[in-house]
K.L.:
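Mind having a look at this structure? Questions to follow.
What you see below is based on every heavy atom in this structure, not just the backbone, and it leaves out hydrogens, waters and symmetry mates. A, B, ... follow the sequence lines: proteins, then strands. Residue 1 opens every chain. Note that this is a predicted model, so its numbers are computed, not measured.
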Amino acid sequence: MRSAGAGMVDLEMAGSEVRIAGWVHRRRDLGGLVFLDVRDRSGVLQASAGPDWSSGSALEAVRGLGVEDVIAIRGVVTPRPEEARNPDMATGDVEVQIAELEVLNRARTPAIPVYRPPEEELPSEKLRLRHRVLDLRRRELQARLELRHRLMLAVRNYFHEEGFVEIETPILTKPTPEGARDFLVPSRVHPGEFFALPQSPQIYKQLLMIAGFDRYVQIARCFRDEDLRADRQPEFTQIDVEASFVQPDDIYGWCEGLMARLAKVAGIEAGPPFTRITYHDAMERFGSDRPDLRYGLEIADYSEVLGALDFRILQGAVARGGRIRGLRLEGGARLTRKQIDAIEQAARTAGAPGLLWAKIQEDRATGPLGRFFRDDTRARLGLAPADLLLAAAGPDRMTSPALDAARTASIAALGLPRATGHAWLWVTGFPLFEDAGDGTLAANHHPFVQPHPDDIHLLDSDPLAVRGLAYDLVYNGTELGSGSIRPHDAALQTRILALLGLEPGEIETKFGFLLEALRSGAPPHGGIALGVDRLAARFSGAASLRDVIAFPKTTAARALFEGAPVPVAAADLAALGISVGAAE
RNA sequence: GGGGCUGUAGCUCAGUUUGGUUAGAGUGCCGGUCUGUCACACCGGAGGCCGCGGGUUCGAGUCCCGUCAGCCCCGCCA
């Protein structure tokens with residue numbers, strides 16, 4: 001039906017006859033002469049219809065064409081007249097002079113335009129999702145999905161070269177009590193019983209290690225029934241990796257090699273170095289476990305100097321065991337009151353009651369905090385003229401997120417230059433547990449993390465102080481992946497589950513199959529899962545995951561194109577032994 | 001579950017602050033003219049549940065209450 005892609009036609013083909021098939025992108029009817037822009041996945045090509053080279057039927061047909069009609073044309077590639085060349089178009093030096101034209105299919109006037117005039121905003125996200133096939137015809141989205149394909153191809157090649165085997169794991173799995181809410185799938189054969197869609201192939205990949213597949217990889221779909229964000233979809237894809245007889249360094253090595261190759265595929269500068277930082281240091285210096293290290297601004301502890309001021313709020317915070325930490329913004333004194341308020345608001349949203357600040361103007365310190373400065377305070381804090389000091393007082397669990405938010409907002413407000421174009425970071429040594437809030441322990445990562453050997457003796461006495469052999473991969477402030485070394489000893493795994501509050505019977509019912517496997521001779525193993533959607537979004541410059549997913553869900557977890565989910569007929573439910581009432 | 005922003009012609013948006021004649025623009029669509037356009041140009045035309053429901057008012061796109069949807073954020077997401 002076609003002999004070339006529209007975007008592939010160039011001057012070297014001049015004089016030869018081509019057959020092109022695609023969509024009518026635009027049409028310019030000059031009366032005696034009609035120009036068509038024909039679009040396919042490879043690009044856009046101008047075709048012209050005129051009485052000297054087009055058949056009567058082609059001339060007739062071309063007048064009735066509308067945008068997005070599907071056509072096939074036959075004609076000769078012709079250099080355009082010198083003055084009619086279009087340097088803004090990849091194929092702008094040539095056109096196809098239409099000899100024959102066949103209309104393969106008609107299109108209704110599109111609900112949203114595929115062609116977008118310069119300066120025109122994209123249609124609303126709602127309409128783009130509702131009319132997804134039209135939206136996907138845009139070059140921008142096609143390029144993103146093509147990049148995603150090339151990235152996945154490189155992933156498979158890379159791991160294949162490294163001796164990994166890709167193995168599929170079940171989509172119908174067993175519900176797990178830990179972590180996110182499961183999507184449940186009823187079993188017709190066993191009324192009243194349910195499968196769950198996998199939140200990740202975590203346990204299966206461990207079972208594969210025990211089975212002796214010492215290097216496993218899978219591009220795996222995962223499902224979590226939780227509320228969404230710009231960087232979170234209910235179904236998403238992970239590069240799921242697991243290997244036996246490995247240390248964290250082995251995992252880092254594979255991931256670093258992979259990321260360097262993927263950056264190359266994406267054509268972006270995003271190679272090494274990969275910095276490493278402990279969770280503790282990340283929280284101390286940046287207030288976040290996924291700091292954006294492209295910017296140098298760091299948090300410092302000002303408890304000693306500021307706690308000594310005659311300022312009751314600060315004294316009180318320190319007396320209660322908290323600290324006064326803050327950010328010194330070089331030249332920050334030029335920020336307006338409004339800008340500082342916005343930064344403070346960011347800190348409040350992150351959970352701080354407020355943010356104190358001191359401006360150094362000439363030699364005076366002003367602002368809610370500056371007013372309390374003593375003669376030597378400025379010097380002891382190392383503040384220079386035109387600096388702005390932002391401070392938060394309280395327990396670290398409150399000040400860290402607040403200062404993280406303030407740091408991000410300050411970088412934006414000051415327009416701070418990046419110290420580097422991209423920043424890769426391994427964050428290591430996460431705590432194994434966190435306080436669930438009610439005094440019980442919750443897994444910080446998931447329950448399948450090996451405790452750090454130096455801390456294992458604290459499991460019973462001070463579990464919150466136990467670090468795990470877990471690590472996150474962070475790129476420019478985005479968490480791209482997360483992994484750990486897993487406990488391969490059944491007794492240790494059982495102990496961890498017990499610390500999380502599971503009863504022995506519960507452990508057996510829910511995780512018996514894993515523990516039994518661990519008892520059968522499990523090798524030491526560990527791995528990581530890397531978020532494909534986030535990776536593709538970051539590497540393609542997409543603002544939202546929706547722009548690298550062909551058919552994404554809305555923030556309310558709906559599919560607008562096909563219209564899912566939907567209620568089902570009572571008879572279908574009855575066959576599954578399900579009755580539906582009001583949700584809680 | 002909570003907070004914020006948005007919802008007006010097929011699409012992108014004005015108009016809402018301060019209620020008042022027939023709700024506008026660009027683009028697209030329909031008809032016409034046009035042989036070198038590429039955001040073609042020019043002439044003419046059609047096109048509106050102002051998201052939905054209720055209220056206040058002589059009168060509501062505009063004010064109030066509720067609700068739905070999209071987006072962003074908090075909770076949540078190992």
K.L.:
When you compare B:rC11 with B:rG32, how far apart are their P atoms, in angstrom units rounded to a whole number?
P.N.:
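Comparing P positions in B:rC11 and B:rG32 gives a spacing of 26 Å.
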K.L.:
Within the structure shown, what part of the strands sits under 4.0 Å from A:Ser200 by heavy-atom distance: base, sugar-phosphate, or nothing?
P.N.:
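Base contact.
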K.L.:
Remember a base hit wins even if backbone is also touched, and classify A:Ala350 as base, sugar-phosphate or nothing at under 4.0 Å, heavy atoms.
P.N.:
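Here A:Ala350 touches no strand at all.
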K.L.:
Between A:Arg27 (CZ) and B:rC29 (P), how many Å, whole number?
P.N.:
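The distance from CZ of A:Arg27 to P of B:rC29 comes to 8 Å, rounded to the nearest Å.
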K.L.:
Atom CZ of A:Arg28 and atom C1' of B:rC38: how far apart are they, to the nearest Å?
P.N.:
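Rounded to the whole Å, the gap is 3 Å.
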K.L.:
B:rC38 C1' sits how many Å from A:His25 NE2, rounded?
P.N.:
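Roughly 11 Å, once rounded to whole Å.
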K.L.:
Mind calculating the distance between CD (A:Gln233) and P (B:rC77) to the nearest angstrom?
P.N.:
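Those two atoms, CD and P, are 18 Å apart.
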K.L.:
Going by side-chain hydrogen bond (donor to acceptor under 3.5 Å, both in side chains), name the pairs with one or both residues in residues 49-61 of chain A, residues two or more places apart or in two chains.
P.N.:
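As it turns out, the side-chain hydrogen bond (donor to acceptor under 3.5 Å, both in side chains) pairs with a partner in residues 49-61 of chain A, which skip direct neighbours, are A:Ser55-A:Ser57, A:Ser55-A:Glu100.
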K.L.:
Rounded to whole angstrom units, what separation is found between the CD atom of A:Glu68 and the P atom of B:rG28?
P.N.:
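Rounded to whole Å, this separation is 14 Å.
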K.L.:
For B:rC72, take OP1 and OP2 only and decide whether either is under 4.0 Å from a side-chain N or O of A:Thr555.
P.N.:
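Indeed, a polar side-chain atom of A:Thr555 lies that close.
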K.L.:
Between A:Ser42 and A:Asp40, do the side chains contain an N or O donor and an N or O acceptor separated by less than 3.5 Å?
P.N.:
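A pair is found: one side chain offers a donor N or O, the other an acceptor, under 3.5 Å apart.
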K.L.:
Between A:Glu95 and A:Ser48, is there a side-chain donor-acceptor contact under 3.5 Å, judged purely by atom types and distance?
P.N.:
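Yes, a side-chain donor-acceptor pair sits under 3.5 Å.
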K.L.:
Quick check: on RNA chain B, is the nucleotide nearest A:Gly31 upstream (toward 5') of the one nearest A:Asn444, or the reverse? Name the residue that is more 5'.
P.N.:
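The residue whose closest nucleotide sits nearer the 5' end is A:Gly31.
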K.L.:
If you measure only the distance, is there a donor-acceptor pair under 3.5 Å linking the side chains of A:Thr91 and A:Gln46?
P.N.:
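No donor-acceptor contact under 3.5 Å links the two side chains.
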K.L.:
Assign A:Glu95 to base, sugar-phosphate, or nothing according to its heavy-atom contacts below 4.0 angstrom with the strands shown.
P.N.:
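Base contact.
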K.L.:
More 5' along RNA chain B: A:Glu226 or A:Leu560, using each one's nearest nucleotide?
P.N.:
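First, find each residue's nearest nucleotide; the 5'-ward one identifies A:Leu560.
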K.L.:
So, A:Ser540 versus A:Arg144: side-chain donor-acceptor pair below 3.5 Å or not?
P.N.:
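There is such a pair between these side chains.
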K.L.:
Quick check with a 6.0 Å cut-off and a 45 degree axis cone: is A:Arg26 positioned over the face of A:Tyr115's six-membered ring?
P.N.:
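Output yes; distance and angle both within limits.
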K.L.:
Looking only at side-chain atoms of A:Thr349, point me to the closest of B:rC73, B:rU37, B:rG70.
P.N.:
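Among B:rC73, B:rU37, B:rG70, the one nearest the side chain of A:Thr349 is B:rC73.
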K.L.:
Counting only side-chain heavy atoms from C-beta out, which of B:rC40, B:rC77, B:rU37 sits nearest to A:Arg232?
P.N.:
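Comparing B:rC40, B:rC77, B:rU37 against the side chain of A:Arg232, the answer is B:rC77.
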K.L.:
Has the side chain of A:Arg229 got a donor or acceptor that lies under 3.5 Å from a partner of the other kind on the base of B:rG75?
P.N.:
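Between B:rG75 and A:Arg229, which were checked side chain against base, a qualifying N/O pair under 3.5 Å is present.
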K.L.:
Which whole number of Å gives the distance between the C1' atom of B:rG24 and that of B:rG15?
P.N.:
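Going atom to atom, C1' in each nucleotide, I get 8 Å.
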K.L.:
Ignoring hydrogens and angles, answer whether the base of B:rG36 and the side-chain atoms of A:Glu83 contain a donor-acceptor pair closer than 3.5 Å.
P.N.:
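It does not, because no donor-acceptor pair links the side chain of A:Glu83 to the base of B:rG36 below 3.5 Å.
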K.L.:
Using a distance-only criterion (donor-acceptor N/O pair, under 3.5 Å, no hydrogens), is the base of B:rU27 paired with the side chain of A:Glu120?
P.N.:
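Donor-acceptor pair under 3.5 Å: no.
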K.L.:
Which pairs, with at least one residue in residues 488-502 of chain A and sequence neighbours excluded, count as a salt bridge (Lys or Arg N to Asp or Glu O under 4.0 Å)?
P.N.:
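Listed by first then second residue: A:Asp460-A:Arg495.
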K.L.:
Compare the minimum distances between each of B:rC34, B:rC73, B:rG36 and the side chain of A:Asp29, then state the nucleotide with the smallest one.
P.N.:
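Given the options B:rC34, B:rC73, B:rG36, the side chain of A:Asp29 is closest to B:rC34.
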K.L.:
Which nucleotide, in any strand shown, forms a Watson-Crick or G-U wobble pair with B:rC29, with both distances under 3.5 Å?
P.N.:
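Check on B:rC29: paired to B:rG45, both distances under 3.5 Å.
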K.L.:
Roughly how many Å apart are B:rU22 and B:rC65, using the C1' atom of each and rounding to a whole number?
P.N.:
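These two C1' atoms come out 31 Å apart once rounded.
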K.L.:
Mind checking who B:rG53 pairs with, Watson-Crick or G-U wobble, both distances under 3.5 Å?
P.N.:
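Looking at the geometry, B:rG53 pairs with B:rC65.
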K.L.:
Expressed in angstrom and rounded to an integer, what is the separation of A:Asp231 atom CG from B:rC74 atom C1'?
P.N.:
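These atoms are roughly 14 Å apart.
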K.L.:
Can you tell me if the side-chain N/O atoms of A:Thr109 get under 4.0 Å from OP1 or OP2 in B:rG28?
P.N.:
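Indeed not, no polar side-chain atom of A:Thr109 lies that close.
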K.L.:
Which listed nucleotide (B:rU12, B:rC71, B:rC40) is nearest to the side chain of A:Glu125?
P.N.:
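From the listed options, B:rC71 comes nearest.
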K.L.:
Under 3.5 Å, is there a donor-acceptor pair linking the side chains of A:Gln202 and A:Tyr204?
P.N.:
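No.
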K.L.:
Look through every strand shown and name the nucleotide pairing with B:rC5 as Watson-Crick or G-U wobble, where both distances are under 3.5 Å.
P.N.:
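Pairing partner, where one exists within any strand: B:rG70.
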K.L.:
Counting side-chain heavy atoms from CB outward, which of B:rC72, B:rC71, B:rA69 is closest to A:Ala230?
P.N.:
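The answer is B:rC72, which lies nearest to the side chain.
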K.L.:
Mind checking the P distance from B:rU8 to B:rG3? Whole angstroms is fine.
P.N.:
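So the two P atoms sit 24 Å from each other.
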K.L.:
Say we look at B:rU6 and B:rU18: how far apart would their P atoms be, to the nearest angstrom?
P.N.:
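Their P atoms lie roughly 16 Å apart.
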K.L.:
Work out how far the C1' atom of B:rG28 is from that of B:rA69, and round it to whole angstrom.
P.N.:
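To the nearest whole Å, 25 Å.
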K.L.:
So what does A:Ala84 touch, heavy atoms closer than 4.0 Å: a base, only the sugar-phosphate, or nothing?
P.N.:
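If one applies the 4.0 Å heavy-atom cut-off, A:Ala84 turns out to touch a base.
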K.L.:
Nearest to the side chain of A:Leu30 - B:rU12, B:rC76, B:rC40?
P.N.:
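Minimum distance to the A:Leu30 side chain belongs to B:rC40.
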K.L.:
Would you classify A:Tyr115 as touching base, sugar-phosphate or nothing, given that sugar-phosphate means primed atoms plus P, OP1 and OP2, and contacts are heavy atoms under 4.0 Å?
P.N.:
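Sugar-phosphate, backbone atoms only, no base.
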K.L.:
So, is A:Arg85 close to the B:rG36 phosphate, meaning a side-chain N or O under 4.0 Å from OP1 or OP2?
P.N.:
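Negative; the distance criterion is not met.
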K.L.:
Could you tell me the separation between the CZ atom of A:Arg348 and the P atom of B:rG4, rounded to a whole number of Å?
P.N.:
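In whole Å, B:rG4 P lies 17 Å from A:Arg348 CZ.
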K.L.:
Write down the distance separating the P atoms in B:rU17 and B:rC64, rounded off to the nearest Å.
P.N.:
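That atom pair is separated by 9 Å.
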K.L.:
Of the nucleotides B:rU12, B:rG36, B:rG70, which has the atom closest to the A:Arg80 side chain?
P.N.:
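Closest of the options to the side chain of A:Arg80: B:rG36.
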K.L.:
If B:rA14 has a Watson-Crick or G-U wobble mate with both distances under 3.5 Å, name it; if not, just say none.
P.N.:
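Paired with no nucleotide.
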K.L.:
Rounded to the nearest Å, what distance is computed from the CG atom of residue A:Asp37 to the C1' atom of nucleotide B:rC38?
P.N.:
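Rounded to whole Å, this separation is 6 Å.
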K.L.:
Using a cut-off of strictly less than 4.0 Å, decide whether A:Arg546 has a side-chain nitrogen or oxygen near OP1 or OP2 of B:rC72.
P.N.:
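Checking A:Arg546 against B:rC72: at least one side-chain N or O falls below 4.0 Å of OP1 or OP2.
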K.L.:
Assess the side chains of A:Asp182 and A:Gln199: does a donor N or O sit below 3.5 Å from an acceptor N or O?
P.N.:
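Looking only at side-chain atoms, A:Gln199 and A:Asp182 do form a donor-acceptor pair, the distance falling under 3.5 Å.
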K.L.:
Roughly how far apart, to the nearest Å, are B:rG47 and B:rA25 at atom P?
P.N.:
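Rounded to whole Å, the distance is 14 Å.
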